[in-house]
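Everything numeric in this text was worked out from a predicted model, so none of it was measured.
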Amino acid sequence: MADPDATLSPPIRDRLAYRVKCRLLGPPLVTEQLSQEKLSNPMALGVLASDCISSTAYGSEEMLRILVPVAGVAAFTLLMPVTGAILLVLLLLTLSYRDVVSVYTRAGGSYVVARENFGPRVAQIAAVALLVDYIVTVAVQTAAGTDALISLAHLTGEGYTGIDHLKLPITAAMVVLLMYGNLRGIREAGRAFAAPAYLFMLAIALLLVVGLVRALDGGLPHTDLHAPGVVPLGQEGSGWLYGASLFMVLRAFANGGSSLTGLEAISNGVSAFRPPQGANARQTLTVMSCVLGVMVLGVSTLAHYTHAVPYVDGNPTVIAQEAHLVFGDGWAGTAGLVFVQLATALVLYTGANTPFTGFPFLASFVAEDRFLPRKLMRRGHRLAFSSGIISLTVVALALLLVTGANVDKLVALYAIGVFTGFTMAAAGMTAHHWRRNGGWKTGVNLVAAVVSALVVVIFAITKFTEGAWLVVVVFPVGVWALIRINREYREEAAALETMPPLTEAAEPRWRRHLVYVLLDVLDLAAVKALRYAHELRPDEVRAVHFVIDEARAKRLAARWEALPGTDVPLDLVDCPDRRLRHAVAALAARDTADGTTALTLLVPRRTYARPLAALLHTDSGDELAKALQHLPNVAVTVVPFDVTAAMARQRAWAPRR
């Protein structure tokens, strides 16, 4: 039904920035369309699982990067029990997060779990963990995706490395592209980013099947362990760890923990599912975990048999070497390699899309609890949390710039945040079921919490000098900052909500009301302000000009005297030191000193639609309002006047003269 008042509203010209936004992002979505922006299970698996399953591309490689220099060829044997330990952790966390999405069907994951069970202050540990995780995930996934493309160039171009120096620009461009896709809205982002996840599943399935067939048919070839650029090969020792110390095995296990990143994405985005959200999220989480487990085990097994070894600079990657060895040479082998690498690059790039879904949702919840700025709660042009998306992009780009988009350096920042979130979620669910006599669920979540906490400790110790110290420092500082923001909000609310009785507020306090129109020049904007001053029906109206330029003040006074039909006096107030705000404040304080006089200052504001015109003029209205805010009986009102519209009318009248 049409709004009957719509025809009475004057047309308002949209700003240039808004028109550009509409051209880039499309027309705005209305709030009622929010219920339509939900994901089906297959779409959710593609959108939310990309981050999780794409870590297969570098998880096994990060384990080998630690084991190969200390255990030599035996590293490929040690890889399997370490992978088994990773899969055991995956099982525990899957059971725990199935519980999370069943009980807490609102997005937020471990933050919501911790808040409900431990209170809002403790929950900020989870908030910082997840926020850090999301930022690093964007950087890691996009950098690894670029590595996949460079690896393809290495293996198909006979050592061609022509795009190596473009790694950082390509990675940064992909982050910006992901931001753009998400600013357009979750549905369009889902359509664009779901397909690569399924392509990657198909590529890994093809790689594993062909690898199995070739293994049964006579064995798989081995890579050259002494090729230029590979990680130096250590000497194999004796004993059950093959000469590797327990510390190094724990480091490998910590690195391998990066394979589980993204497991929490579904719990953080559960509100994006169609109803019933809990059941749909639980089903999707189970499928995702099974797919991840098979892929991690498969890639590690292929590395075990092919001896695919990491390179110092990260290229070619282990998974690229496996594809090259499994598919072999010839056009068919090259086609298989290209398919696997392109699918890997796509899923890694789109895996970085998961934080663009989870980070804004989480930031909005934390902001709703008043631990982050409230502007993060507002949905933007296309119903996305635009402020959160842009903030994530800026920090991720800064991180890529600092690390040079190096995956190995970024992984050192990775797992602490991830597993801290796991720990908080599992511990929260343990407390939840303990209070309700949850039986075996209490035990499962307790074990998951303890194991996740151990991974955090292992990673903090073993990777401290490689960059984990930064996260260790960021965590307490981040938690303190969130609590400080919350304290500021609470103090503001306490001050603003202390209201007097309504009867007292309704009683008149002033015996006299003055209105001063602050004039700089005499024009249509000033005339509009003067007319408005009379509409207020004050006891007295005066025009006031603060004299900064005496010649200009004299010209204004002369024009004022020549103005017909006005009985408003013009006061010229000396301002020899040119401190306008101080002069206005002194005048206002003097004229309201008796406590029974109210003063309204009207400031004509000339507005301009053209950006150039706005740059050519200054505006002092807001500054005056801030300078006078401490005076109890003084109000500042800005009276806008559209100069651009006046110019248009002037041009329209000109031919008639």
Side-chain angles (χ1 to χ4, degrees), residues 46 49-50 53-61 64 76 79-80 83 144-164 166-167 170 174 193-230 291-311 313-351:
S50 295
I53 64 173
S54 62
S55 58
T56 304
Y58 52 81
S60 299
E61 178 170 343
L64 288 171
F76 300 103
L79 176 64
M80 298 314 296
T83 300
T146 305
D147 277 340
L149 294 178
I150 295 175
S151 297
L152 180 61
H154 274 269
L155 295 174
T156 59
E158 297 182 358
Y160 172 71
T161 60
I163 64 172
D164 286 29
L166 297 176
K167 179 177 179 179
I170 292 173
M174 288 307 305
F193 300 147
Y198 290 102
L199 285 175
F200 184 64
M201 295 178 200
L202 178 61
I204 297 299
L206 180 64
L207 178 65
L208 296 180
V209 169
V210 174
L212 177 61
V213 171
R214 290 199 61 181
L216 295 176
D217 192 42
L220 290 167
H222 285 186
T223 191
D224 182 4
L225 296 177
H226 303 285
V230 300
V291 170
L292 175 65
V294 171
M295 295 172 80
V296 170
L297 180 60
V299 171
S300 290
T301 302
L302 280 179
H304 171 75
Y305 284 108
T306 62
H307 291 180
V309 63
Y311 278 67
D313 64 356
N315 294 295
T317 61
V318 164
I319 198 169
Q321 295 175 61
E322 291 176 352
H324 183 63
L325 293 170
V326 166
F327 293 127
D329 298 320
W331 69 267
T334 301
L337 172 63
V338 170
F339 175 59
V340 169
Q341 287 306 105
L342 290 181
T344 301
L346 281 174
V347 79
L348 284 165
Y349 284 142
T350 55

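With sequence neighbours excluded, the residues satisfying side-chain hydrogen bond (donor to acceptor under 3.5 Å, both in side chains) with Ser151 are Asn315. The side chain to side chain contact (heavy atoms under 4.5 Å, CB included) check on Ala308 picks up Thr306, Val318, Gln321, Glu322, with sequence neighbours excluded. Partners of Phe76 under the ring pair (Phe, Tyr, Trp, His ring centres under 6.0 Å) rule, at least two apart in sequence or in another chain, are His307. For Ser54, the side-chain hydrogen bond (donor to acceptor under 3.5 Å, both in side chains) partners two or more places apart in sequence, or in a different chain, are Gln141. Taking Ala227 as the reference, Asp224, Val230, Tyr311 meet the side chain to side chain contact (heavy atoms under 4.5 Å, CB included) condition, with sequence neighbours excluded.
In terms of heavy atoms, Leu64 sits closest to Pro310 at CB-CG, 3.8 Å. The shortest heavy-atom contact between Met174 and Tyr349 is CG-CE2, 3.5 Å. Across Pro221 and Arg214, no two heavy atoms sit closer than the pair CD-NH2, 3.9 Å. Taking each heavy atom of Ala57 and Leu348 in turn, the nearest pair found is CB-CD1, 4.0 Å.
For residues 293-304, the set of pairs meeting the side-chain hydrogen bond (donor to acceptor under 3.5 Å, both in side chains) definition, not counting sequence neighbours, comprises Ser60-Ser300, Thr83-Ser300.
Contact of the Leu325 side chain with the His222 side chain is not registered, since no non-hydrogen atoms from C-beta on lie closer than 4.5 Å. Under the 4.5 Å side-chain criterion, counting only non-hydrogen atoms from C-beta, Leu152 is in contact with Leu337. A 4.5 Å side-chain heavy-atom check between Phe200 and Thr344 finds at least one atom pair inside the cut-off. Residues Val299 and Glu61 fail the side-chain proximity criterion, which asks for heavy atoms closer than 4.5 Å. Between Leu149 and Gln341 there is no side-chain heavy-atom pair separated by less than 4.5 Å. Taking the side chain as every heavy atom from C-beta outward, Leu208 and Leu302 approach each other to under 4.5 Å. Side-chain contact between Tyr58 and Asp147 is absent, with no heavy-atom pair separated by less than 4.5 Å.
Between Leu212 atom CG and Leu207 atom CG the span is 11.0 Å, to the nearest 0.5 Å. His324 NE2 to Thr317 OG1: the interatomic distance, rounded to the nearest 0.5 Å, is 12.5 Å. The line from OG1 of Thr146 to CD1 of Ile170 is 6.0 Å long, rounded to the nearest 0.5 Å.
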### Query
Would Val340 and Phe327 satisfy side-chain contact (heavy atoms from CB on, under 4.5 Å), going step by step from the backbone distance to the final call?
CA-CA 10 Å; Val340 169; Phe327 293 127; 3.5 Å; yes
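Within a 6.0 Å sphere centred on OH of Tyr305, heavy atoms belonging to other residues, nucleotides or ligands number 12 at most.
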